[in-house]
Amino acid sequence: MTVDKGYVDAPVPEGIDLAAEIRRLKKEKNAVVLAHYYQNGDIQDIADHVGDSLAMAQYAATLKDAKIIVVCGVHFMGETAKLLCPDKKVLIPDMNAGCSLADSCPPDAFEAFIKAHPGHTVVSYVNTSVGVKALTDIVVTSGNARKVIDSLPADEKIIFGPDRNLGNYINSRTGRSMLLWDGACHVHELFSAEKIAALKEAHPEAKVLVHPECKRALTLMADCVGSTAALLDYARKSDAKEFIVATESGILHEMRRLCPDKTFIPAPPSDSTCACNDCAFMKLITMEKLYNTLRYELPEIHIDPAIADSARRPIERMLSLS
Ligand code: 13P
Ligand code: SF4
């Protein structure tokens, strides 16, 4: 079986119960399925563990007995799991599931940026390639960025990449002036502050939940700024009944499951003719591809052994602080 297209392009037998077959294969092959909150609802429902990128990394690091880990998320999440579990087979149902933010920071250009600013500690968001992590002193996620930065001495000079919005947000909350790489996520950049303000007028009691990859104008109007897990937690604990949600739409599945009596309104993107608050990369993962991945144990994530240790170290440093 080849994966020339980046996924197993094999027909799924007609009439099978996909969910039941996936469960059977997971058991038979001692496989664990990890899914991100931005995955389609059916994938989240069948996963063994659903979380934000921090929880996915933390969970992968604890897996002792599983033989196979299937990462239903984007490529850097698969790489993180492989770095933390080098002896396990780590699979991703579609290798084409990239990340525009990770792509906005090519390792050679980032290396030149670091060399042009000597004497800085390099902090990278987990949404980066292995090549960028290998140039990094400490990795962060949106769930722990503030805590990790706060743990560094106040006068430490810091380069932060690749997300300028998350970097700006952390600078504003910590009083630091980290030097920022100029990258962004194409999904979170597109949310419109004007449209959220209009929604807020129509729903004055609604709380506004914003992921820190969004622009500053959005974080300024938010009741809660946080990772997907932090936004979920806020929604769960809040007395409010309505929430305007400015992050990828997949999170609504878990919000509605956990809080069936509350209303979640997806924030509209600036161009209302598109579904741009969907991450097209995340949505490449389907039940059919997950089934074929378990069946054929493909495609598999491999890490260049020459940089694996250097890329693992900053993730382990992050986990030890989280
Ligand atoms: P979380 O760290 O909140 O899971 O975010 C990951 C991500 O890709 C956001 O776009
Ligand atoms: Fe990357 Fe943005 Fe998709 Fe998150 S939503 S995986 S940052 S492209």
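No hydrogens, no waters, no symmetry mates; every other heavy atom, side chains included, goes into these values. Both ligands and their constituent atoms are indexed starting at 1 by order of listing. Here the structure is a predicted model, which is why all the values come from computation and not from measurement.
- Counting only heavy atoms of the protein, atom 10 (O) of ligand 1 lies nearest to Glu213 OE1, 3.0 Å.
- When side chains are defined from C-beta on, Val50 does not count as touching Glu254, because their heavy atoms never get closer than 4.5 Å.
- Within the 4.0 Å heavy-atom shell around ligand 1 one does not find Met56.
- Given atom 3 (Fe) of ligand 2, the protein heavy atom at minimum distance is Cys279 SG, 2.4 Å.
- Proximity to Glu213 (heavy-atom distance under 4.0 Å) selects the following atoms of ligand 2: 7 (S).
- Under 3.5 Å, the side chains of Ser249 and Asn277 contain no donor-acceptor pair of N or O atoms.
- Counting only heavy atoms from C-beta outward, the side chains of Cys185 and Glu248 never approach each other to under 4.5 Å.
- Distance alone, capped at 3.5 Å, is enough to place a donor-acceptor pair between the Lys262 side chain and the Ser238 backbone.
- Residue Ser142 has at least one nitrogen or oxygen atom sitting less than 3.5 Å from a nitrogen or oxygen atom of ligand 1, judged on distance alone.
- Residue Ser227 has at least one heavy-atom neighbour below 4.0 Å for each of these atoms of ligand 1: 3 (O).
- Remark: the Thr293 side chain and the Tyr7 side chain contain no N/O donor-acceptor pair separated by less than 3.5 Å.
- Of all the atoms in ligand 1, the ones that sit under 4.0 Å from a non-hydrogen atom of His188 are 10 (O).
- Heavy atoms of His186 approach ligand 2 to within less than 4.0 angstrom.
- With hydrogens and angles left out, the side-chain atoms of Asn96 and Asp94 include a donor and acceptor closer than 3.5 Å.
- In summary, Cys99 places an N/O/S atom under 2.8 Å from atom 1 (Fe) of ligand 2, meeting the contact criterion.
- The Ser100 neighbourhood of ligand 2 comprises atoms 8 (S), with distances under 4.0 Å to a heavy atom of that residue.
- Contact annotation: Asn127 has at least one heavy atom less than 4.0 Å from an atom of ligand 1.
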Handout entry: Test side chain to side chain donor-acceptor pair (under 3.5 Å) applied to His203 and Glu242, step by step
Key = CA-CA 8 Å; His203 302 268; Glu242 283 190 318; 3.1 Å; yes
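- The single protein non-hydrogen atom nearest to atom 2 (Fe) of ligand 2 is Cys185 SG, 2.3 Å, given as residue, atom name and distance.
- Donor-acceptor pairing under 3.5 Å is recorded for the side chains of Ser100 and His186.
- Close contacts between ligand 1 and Thr228 involve ligand atoms 1 (P), 3 (O), 4 (O) [criterion: under 4.0 Å to a heavy atom].
- Counting heavy atoms from C-beta on, the side chains of Ser227 and Leu54 never come closer than 4.5 Å.
- Within the structure, ligand 1 has Tyr38 among the residues with a heavy atom less than 4.0 angstrom away.
- The shortest N/O to N/O separation between Ser53 and ligand 1 falls below 3.5 Å.
- Contact annotation: the side chain of Asp137 never approaches that of Arg313 to less than 4.5 Å [non-hydrogen atoms, C-beta and beyond].
- Taking 4.0 Å as the cut-off, His36 counts as a neighbour of ligand 1 on heavy-atom distance.
- Residue His211 touches ligand 1 through its side chain alone, judged by heavy-atom distances below 4.0 Å.
- Lys88 NZ to Glu300 CD: the interatomic distance, rounded to the nearest 0.5 Å, is 13.0 Å.
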